[in-house]
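Keep in mind that what you see is a predicted model, and the values were worked out from it rather than measured. Both counts, for ligands and for their atoms, begin at 1 and track the order of listing.
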Amino acid sequence: MSDRKTLRDSEHLLEDPEALLLLVFAWAEAGWVRDLDAALAHRLFALAPDGDAACLLAAVMVSFQAGQGHLLLDLDHARRQPRELIAVTVGHSSAKEDPPPPDALLSLMPASWESRLRDWTAVGEGEGSEPLVLDNHRLYLRRYWRHEAQVSQALAARFAASTEVHAETLRAVLDRLFPLTDPRAEPARWQKLACALGARSAFTVITGGPGTGKTTTVIRLLALLQVLALESGEAPLRIRLAAPTGKAAARLNEAISGQVGQLAELDLPRTKQVRESIPSDVTTLHRLLGARPDTRHFKHHRFNPLSVDVVVVDEASMIDIEMMSALLAALPARARLVLLGDKDQLASVEAGAVLGSLCARAEAAHYRPELARWLQAASGWAVGPEWQDSEGLPLDQAVAMLRHSFRFDDRSGIGELARAVNVGDSARAMAVLADEGFADVQRLALDGERLAALAIHGRRHDAAGGYSHYLGVIRGQSSSTRPAAQAVRDDWDRWALSVLEAHAGFQLLTPLRSGPHGVAALNTRIERELEQEGLIARTAVDSHWYEGRPVLVTGNDYGLGLMNGDVGIALQAPVEFGAPGRGLTLRVAFSSGDGRVRWVLPSRLQRIETVFAMTVHKSQGSEFAHTALVMPELLSPVLTRELVYTAVTRAKNHFTLLCGSNDVFAQAVERRVARQSQLTPAGTYA
Ligand SMILES: Nc1ncnc2c1ncn2[C@@H]1O[C@H](COP(=O)(O)OP(=O)(O)OP(=O)(O)O)[C@@H](O)[C@H]1O
């Protein structure tokens, strides 16, 4: 009875825009949609009052989708599977008082939804100035439609500009980069194929899981391109390396020098010149493009392109559509772009999972037979029929997937767990966590005491696994001790770097920002326990600061040279280096990535938070020796396969799951984030 009444009420709402608008504000109040979504719908309705309630609902939902990282609202999908779009838990009050939730209304949308939208003056169907764009049955906020269209056009131009390279010329260099005599030649064959692919295309994506050799491959690809350029008498290629965040840039920075050094062992023509022409400094994309404070505009764009021949971007899963569009616009037409990343990781928080969309068909490769033949001639490795598709799209021909992990062998629990999570096999994931044969993974029940004990002391018999380790380094309980006050800056830098390195030994991750297992509550709890154990001591009762406080930078600060995602630690250090008389004070030490330390006074740090617990989103681009993931008892929309996979693959040596509910863990592993975009070959592009 009451169900039927609710249904009748809901149908009525879909005919009455004023009533729906009131309801939308009630949804925002209940936290079901964002205030921003409701405000946008309200504004659109004021600007274009000819829309009906169905139009209004579409406007709320397309804005809500953008907040979830989706570029568009697929109207058909929203009607047929509304709970995949938005599923809200109705309140605990008596059922008849619950307002109809958004998913209930979406399920009532008539097939005429699309034509009603088409008639609304707020909606356009292509270039124009209307705030919304309807493209087939996909509704966009104009900004995202424009970015997506620009990216599609720029990529299509790059595919058309791909250069013909003689397979034999390539083979000669590739055989030196990947000698067939190497015992690991067979597992490295995908790397060799990726290099061949990268040599013929002005745009290449190299995707692969952790330790599959993305960095190794790209360095060899750069060496290959450089050899080809030098051998044909051209000037050395101007190469730039970048990553979406400072943290990711710093990590690539560390990896690069070792990898470039290894080129010396290979029998390459002009080795020295080639090595010297591969840069070792990695910048952030914002810096590369010349970000201007407080605007969305960059110094480099279509009319002032970068002076480069090749740009490599690591951790490309973090690139959103707006950044991708800006990057492509700033590239000269002849320059190559190589994206590196793990397609299965969480995408950027901002709208548009660019890498995931570009790699939507990477698993089965879809190389055209003529490309497969060319790849075989260029690399010596056959591309089997299972990777071929005579209908392969241009994008497919530019994507290489690395399929062998050099870091995780069959005995690695982290590797096995990551694989199980990635294919959504929750039973296997649980079995791996329970298997004592996999010494590097474990599952613990989530309770406050266990969590605190793990965070402070690490795993049993594993002194380096918790926060007491780096706090011990600060207190001199290791080979590296705090320099004397009169010591030179280099000594202080070295010591601070050893503390930062020890700190990277362990990181607690959580999916949530708020609630009992959110970042804020976990930070407070761990701080309290560390204080009780005498491992930290606040400088004043009301101060957030104490020696050893780990902080995460949450926004770029160009003045201080700090980037979103940078982690620093507060340390007692000289007020002025080389002036011991001025005493010590609390300064926050950040690695600047070149073996030096940036020392910043706490009062100068505007956007930071304590980071004993970090969200999984913020952990992207970082690795920790031991990573522990809190899995809460209640299912929430953020708990997805991509999130669990990202957390597991942050671990280098150990992974611990602090599990509140096996059911919730299983459901999270089984649930994917379905990102919609026309960059996927299913869309109009390609
Ligand atoms: N062809 C190869 N032969 C031998 N060792 C390799 C090869 N490729 C990669 N490795 C080794 O495997 C490890 C991981 O490689 P690399 O860092 O390039 O992978 P990645 O995919 O960039 O890793 P990450 O997940 O950290 O981004 C390194 O120790 C590297 O030396």
Side-chain angles (χ1 to χ4, degrees), residues 173-196 198 204-224 241-245 247-268 278 280 282 312-319 338-346 355 359 362 379-381 399-410 412 414-415 417-419 421-422 504 507 619-625 627 642 645-653 655:
V173 190
L174 276 174
D175 277 352
R176 291 176 183 220
L177 286 164
F178 295 92
L180 284 166
T181 49
D182 185 334
R184 282 159 300 190
E186 151 68 269
R189 75 183 201 279
W190 291 107
Q191 300 181 350
K192 197 173 186 181
L193 289 166
C195 285
T204 312
V205 182
I206 302 177
T207 184
T212 48
K214 297 180 289 297
T215 317
T216 310
T217 306
V218 83
I219 294 303
R220 294 188 191 181
L221 170 60
L222 294 176
L224 170 69
L241 308 173
T245 65
K247 186 81 195 164
R251 202 160 78 84
L252 182 62
N253 227 326
E254 281 162 26
I256 290 284
S257 47
Q259 296 275 7
V260 174
Q262 281 175 20
L263 290 176
E265 294 159 24
L266 302 168
D267 173 27
L268 277 183
I278 297 179
S280 57
V282 185
V312 173
V313 186
D314 195 15
E315 298 289 352
S317 54
M318 282 188 271
I319 306 182
V338 183
L339 301 184
L340 295 182
D342 183 346
K343 68 181 175 62
D344 297 313
Q345 269 193 40
L346 274 177
L355 188 76
C359 295
S379 72
W381 290 104
V399 178
M401 179 166 160
L402 307 180
R403 298 164 196 264
H404 175 87
S405 176
F406 286 82
R407 189 174 308 142
F408 301 126
D409 61 19
D410 292 346
S412 155
I414 296 173
L417 181 61
R419 269 191 291 277
V421 170
N422 213 1
Q507 184 64 54
S619 75
Q620 288 180 83
S622 301
E623 273 186 346
F624 313 98
T627 305
E642 287 84 351
Y645 176 81
T646 302
V648 172
T649 54
R650 297 310 88 213
K652 273 200 289 201
N653 305 330
F655 175 78

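Counting only non-hydrogen atoms, the option in A248, G211, G258 that gets closest to atom 14 (C) of ligand 1 is G211. For the residues W190, F406, F178, the heavy atom positioned nearest atom 11 (C) of ligand 1 is part of F406.
Between F624 and S619, the shortest heavy-atom contact is CE1-CB, 4.4 Å.
With a 4.5 Å cut-off on side-chain heavy atoms, Q345 and Q620 count as touching. Using a 4.5 Å heavy-atom threshold, the side chains of L355 and I319 count as separate. Counting only heavy atoms from C-beta outward, the side chains of W190 and I206 never approach each other to under 4.5 Å. Contact check for L177 versus K192: no side-chain heavy atoms found under the 4.5 Å cut-off. No side-chain heavy atom of R189 sits under 4.5 Å from any side-chain heavy atom of S379.
Numbered from 1 in the order shown, with element, the atoms of ligand 1 that lie under 4.0 Å from a heavy atom of P210 read 25 (O). The contact set between ligand 1 and Q259, taken as ligand atoms under 4.0 Å from a residue heavy atom, comprises 18 (O). In summary, the atoms of ligand 1 found under 4.0 Å from a heavy atom of A188, numbered by their order in the structure, are 1 (N). Here is the list of ligand 1 atoms found below 4.0 Å of a heavy atom in R407: 23 (O), 24 (P), 25 (O), 26 (O).
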Assess whether side-chain contact (heavy atoms from CB on, under 4.5 Å) is satisfied between K343 and M401, documenting all intermediate values. CA-CA 9 Å; K343 68 181 175 62; M401 179 166 160; 3.8 Å; yes
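Between the side chains of T216 and Q259, at least one donor N or O lies within less than 3.5 Å of an accepting N or O.
Shortest contact from atom 20 (P) of ligand 1 to any protein heavy atom: K214 N, 3.4 Å. Here the protein heavy atom with the shortest distance to atom 1 (N) of ligand 1 is Q191 OE1, 2.9 Å. Scanning the protein for heavy atoms near atom 19 (O) of ligand 1, the closest one is G213 N, 3.0 Å. Shortest contact from atom 30 (C) of ligand 1 to any protein heavy atom: T216 OG1, 3.9 Å. The shortest contact between atom 22 (O) of ligand 1 and any protein heavy atom is with T215 OG1, 2.6 Å.
Under the 4.0 angstrom criterion, atom 28 (C) of ligand 1 counts as lacking any protein heavy-atom contact.
Taken to the nearest 0.5 Å, the CG atom of L222 stands 5.0 Å off from the CD1 atom of I278. To the nearest 0.5 Å, atom OH of residue Y645 and atom CG of residue N422 are 5.0 Å apart.
Using a 4.0 Å cutoff on heavy atoms, E623 counts as a contact of ligand 1. Heavy atoms of A255 stay at 4.0 angstrom or farther from ligand 1. Residue E315 places no heavy atom under 4.0 Å from ligand 1.
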